[in-house]
Amino acid sequence: MPRYNFRESEAKWQSAWEKEAAFSAIESPEKQKYYVLEMFPYPSGRIHMGHLRCYTLGDVIARYKRARGFNVLHPMGWDAFGLPAENAAMEQGIHPAEWTYKNISTMRNQLKAMGLSIDWTREIATCDPKYYQHEQTMFLDFMEQNLIYREEGWVNWDPVDHTVLANEQVIDGKGWRSGALIERRRLSQWFCRITSYNDNLLKKLDHLHRWPKKVRTMQENWIGRSEGAYIEFKFTETSRKNPLKVYTTRPDTIFGASFCAIAADHPITEELAKKNTEIEEFVEECRQLGTSEEAIQTAEKKGIDTGLRVKHPFLDKDLPVYTANFVLMGYGTGAIFGCPAHDQRDLDFALTYRLPVIPVVVPPDENADKFTITNEAYIGEGRLENSEFLDGLDVEKAKRAIIERLELEKKGKGTTNYRLRDWLISRQRYWGCPIPIVHCEDCGLVPVPRDQLPVILPDDIDFSGHGNPLDRHETWKNVKCPKCKKAAQRDTDTFDTFIDSSWYFARFCSPDSKVPVDPKAAQYWLPVDQYIGGIEHAILHLLYSRFFMRAMQQSGHIEIDEPFSGLFTQGMVNHATFRDSGGNWVEPQNVIHTNENKIERADTGLPVEIGRVEKMSKSKKNTVDPTDVIEHYGADTARWFILSDSPPDRDMEWTNAGIEGAFRYINRVARIIDDRLPLIGIPKTTKPKEFSTTALELRQITHKTIAGVTGDYENFHFNKSVARLYELTNAISSVDLDNLEHDISWAIRESLETLVRLLSPMTPHLAEDMWQKLGHKTLLTNMDWPNAEEKLITDDKVTLAIQVGGKLRGTINVEAGINKKSAEELAHSMPNVQASIGKRKVRKVIFVPDKLVNFVV
RNA sequence: GCGGGCGUGGUGAAACUGGUAAACACGCGGGACUUAAAAUCCCGUGCCGUAACUGGCUUGUGGGUUCGAGUCCCACCGCCCGCACCA
């Protein structure tokens, strides 16, 4: 039986921390602050392993920074609005609010059992009117700053359920519940003008040096700044006065143009569709691709000749105008010219519709006469050919020359374009923050007066009908116009839940403030020093938050622009999958290994096959409930396992063997300390003047571990800290306990106390318990971080690798700092080196100080 | 389709700016303790050859740069994340 009682210990220390309010954060201007935040959870029902991992990582940082003397803010809240609550309402007849608050209460208890160093007094839930009322205020503020506008946007429409669907509710072009073919529909909706900050959002990425490079690159590409040109093509049909305006990033390839293409939802296409059934059908077909860019771009490239022709701006030739499914209305002008030789999509399209392929850029090492394009477009550098006045120029120069000519002849214009689109924030849903606008027939869009805020979600709703229940809630919906007092209607849409998560980190600074954020508190705590969450939020959530801070700054709520100065993206938690012979997924706890070394289902006895290791998901039944693990092994074991082995930014595999191993280690630490307690005296005994080799060696590894673990904590290399702590533990337990001299017992106490202190951010309950056992009266949680003694962490001996021709032929132990000549002599005299060199001549000797000697032969 | 990432023993991984590949752990094998089992402790463990030391090979695949490549460059393969209404 393990001697350490984790159940007793974890409960004891959690209540001790609570009693001392050890983790409540108070603004103290004289202390340096550190704000640690993990992305707050959606209250889906129970916490999952992804949460356990994320919150463990954050807690290690929070506890470590606290020990380093920082004034740490580490809060928790709930991203409580969203679709699943409405689904639960429809499927189980439970009210979204009830469902959500029940989940919050379960998950709060689960998180508390993890022993997180969280200031629970700052807890917020976004579905609480005390929180979302401020979003309504800020919406009106942003409106005054011209950051909000109303326009038509596309939605996925389910014609059977009469409801708007989220992209994830559209499966293979069909509604997930009704199975009906969905279609794109236009709806008048609210937008945030995020594009007014596109350049700033892009440029400031350079300052976020504590963000992963990959996230910055992804945001950069998402904003998608491009230098290009608008080019106008005149229609041959004289009745069409307005030219076709296209956007291109490759104006240099204009002489290779063989067609133009416009989006299926381009105004011209829509106009033509009214009189041409073929085009109408095509447009209809494109609408069934839904609104997601992924669906549109993975579809087979298709188009229809509209019959319209345009004139090439510089050549005496006409180009056909197609309407095509790969041209996006939301990017550029919704119209392109196609140059098949130098764009893969254009080439694929041209090959399908037998359009000419005219190479105009020739690779540097190719001959213009012989250069042809078959089924791969050439997008690289080169010089222009077949291009009149551009001939001979390279791509960059040609771009500049053509833009100059376009502008001179008033046929186009150089321009900077962004891929980023404005943020559509209206959702046709109940469980979200109401939009504080009244629609009046006479006065138009009327903001709800500020003294009438907040607009509170009604509780009495009916989910049995189609669409948004708010839209059918007559008493809530029908109000008097605040301006003219005539009958009017509330906006029945609610905010995108990304709004809720775009400023919650700021609210944590002053969760009870009457205004969205208390400027003094925000000034002290923001920005978040370390933000932690999944890579899946690399673009949208993080970009929206960056925008929101700017909008809040512009409307005077706050003085910062970047919300997160440090970001860490953790990997997913995976688990093996199991399937029985009937092809059904089987839960891990239902899989048993029989005595005959077979694997079968515990319930039915059917044989089971082990499948791939995949992200934990309910559908594949390969989940493990963190709470089960905590009940069985304790929070420290769960935390230790989740930190060991895999680097936190990479995916990890949850295994039973791993958790068992972690459990053994926790108990081993307790046992090792227990066994040595009678031998090591009381705390703070006099430090011996001299140390024996054994004691010195233990002290050296102890102090090297302090230095190593400290560096690892700073760099999120917790798996390496774990390895180092194993090494320290091994070193401690290998010291012979017979006839202990004072210097050794002193060194053992030092190493044990160090071990416990270094462990405390990762396994806080065990550490606190052991700290007490080691004779200390105060909480370890309030102790500062140990310091490594410089003298003890530098080696005076090093091992040199000796190579011949780059191959290892031996190693030698030498004094650190040995010079080239002596190292070379020593190495050269080694028999193995002699044999390897043989009769060959040594051409050169490479010497890397304190690393290696390499004889080049 | 577009953008971003990852790939090292049986397994999770380590290897700082190019310098001893496999630290640490899991698993496995052997041993000690035990009436026995569990727990614990000790030893071994990349692969191939070998009686043994020595040796040869090895970081998804193929090429390149270098005295030297897991690390840098090019091409390919596989897997994962995001694509604007999941959160």
Side-chain angles (χ1 to χ4, degrees), chain A residues 1-2 39 41-42 44 79 81-84 153-156 164-170 212-215 217-222 224 291-301 326 330 344-345 348 419-429 496-498 501 534-541 543-544 569 571-572 574 612 614-615 644-647 649-653 655 657-658 660-662 664-665 667-668 671 711 715 717 719-720 722-727 730 733 799-811 832 835 843-846 848 851-852 854-857:
Chain A
M1 267 300 283
M39 291 179 184
Y42 178 78
S44 56
D79 190 10
F81 276 137
L83 272 183
W154 291 102
V155 295
N156 298 306
V164 175
L165 297 182
N167 282 340
E168 73 154 8
Q169 297 173 320
V170 180
K213 182 93 198 311
K214 60 181 171 187
V215 175
T217 310
M218 280 191 251
Q219 291 217 352
E220 189 182 322
N221 291 333
W222 185 260
T291 59
S292 93
E293 193 168 315
E294 186 189 359
I296 294 167
Q297 288 196 25
T298 45
E300 192 196 340
K301 286 170 196 63
F326 65 93
Q344 193 60 44
R345 281 169 308 179
D348 295 343
R419 206 185 76 97
L420 182 66
R421 305 198 300 259
D422 276 334
W423 176 14
L424 198 170
I425 53 169
S426 303
R427 296 290 182 271
Q428 294 68 44
R429 320 230 177 275
D496 178 5
T497 55
F498 271 125
S501 55
I535 185 72
E536 66 273 19
H537 294 289
I539 298 174
L540 293 179
H541 162 59
L543 195 61
Y544 290 147
T569 55
M572 290 182 309
N574 297 339
R612 292 169 24 134
E614 293 192 65
K615 179 181 178 174
S644 54
D645 295 349
S646 297
D649 54 344
R650 231 195 274 181
D651 288 357
M652 68 169 286
E653 186 189 347
T655 61
E660 290 279 352
R664 280 200 298 270
Y665 178 72
N667 287 297
R668 183 173 167 221
R671 194 171 51 245
N715 294 302
H717 296 160
N719 55 320
K720 285 159 75 176
V722 168
R724 283 185 219 276
L725 291 167
Y726 272 119
E727 273 170 323
N730 291 344
S733 67
T799 308
L800 288 189
I802 310 304
Q803 302 180 332
V804 177
K807 291 209 163 154
L808 188 73
R809 294 298 155 184
T811 58
N832 208 7
R843 279 204 294 129
K844 193 159 91 170
V845 182
I846 309 260
V848 183
K851 288 266 170 162
L852 67 78
N854 183 13
F855 296 95
V856 184
V857 288

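Quick note on labels: first sequence line is chain A, next is B, and so on, each numbered from 1. In what follows, every heavy atom counts, from backbone to side chain, and hydrogens, waters and symmetry copies are set aside.
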Distance between P atoms of B:G46 and B:U11 (Å, rounded):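 About 14 Å, rounded to a whole number of Å.
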A:Arg419 side chain near B:G3 phosphate (N/O to OP1/OP2, under 4.0 Å):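 Checking A:Arg419 against B:G3: no side-chain N or O falls below 4.0 Å of OP1 or OP2.
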Min side-chain heavy-atom separation A:Leu800-A:Thr811 under 4.5 Å: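 No, side chains not in contact.
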No-H, no-angle donor-acceptor pair, A:Gln169 side chain to B:C85 base, under 3.5 Å: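 No, no donor-acceptor pair under 3.5 Å.
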Phosphate OP1/OP2 of B:C81: any A:Arg650 side-chain N/O under 4.0 Å: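 Answer is no, no contact under 4.0 Å.
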Upstream residue (5' side of RNA chain B) when A:Trp423 and A:Met652 are each assigned their closest nucleotide: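 Looking at RNA chain B, the more 5' nearest nucleotide goes with A:Met652.
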Nearest-Å distance once atom P is located in both B:U8 and B:A13: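 Rounded to whole Å, the distance is 8 Å.
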Donor-acceptor pair under 3.5 Å, A:Arg429 side chain vs B:C85 base: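 Counting by modelled atom types and ignoring angles, a donor-acceptor contact under 3.5 Å is found here.
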Any side-chain heavy-atom pair of A:Gln297 and A:Phe326 under 4.5 Å: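 They are not in contact (no side-chain heavy atoms under 4.5 Å apart), so the answer is no.
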Nearest-nucleotide 5' precedence on RNA chain B, A:Leu420 against A:Arg612: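 Upstream on the strand: A:Arg612.
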N/O donor-acceptor pair, side chain A:Asn221 with base B:G3, under 3.5 angstrom: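 Such a pair does not exist between side chain and base.
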Phosphate contact (B:C83 OP1 or OP2) by A:Ser292 side-chain N/O below 4.0 Å: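 For B:C83, neither OP1 nor OP2 has a side-chain N or O of A:Ser292 closer than 4.0 Å.
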N or O in side chain of A:Lys720 less than 4.0 angstrom from B:A15 OP1/OP2: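 True: A:Lys720 side-chain N/O within range (under 4.0 Å) of B:A15 OP1/OP2.
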Phosphate contact (B:A13 OP1 or OP2) by A:Ser646 side-chain N/O below 4.0 Å: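 Yes.
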Any N/O donor-acceptor pair, A:Asn854 side-chain to B:C67 base, under 3.5 Å: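 Between B:C67 and A:Asn854, which were checked side chain against base, a qualifying N/O pair under 3.5 Å is present.
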A:Asp645 CG - B:U11 C1' separation (whole Å):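 That distance rounds to 9 Å.
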Presence of donor-acceptor pair under 3.5 Å, side chain of A:Glu294 and base of B:C83: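 Looking at the base of B:C83, it does pair with a donor or acceptor on the side chain of A:Glu294 (distance under 3.5 Å).
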Any A:Asn719 side-chain nitrogen or oxygen under 4.0 Å from OP1 or OP2 of B:C24: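 Checking A:Asn719 against B:C24: no side-chain N or O falls below 4.0 Å of OP1 or OP2.
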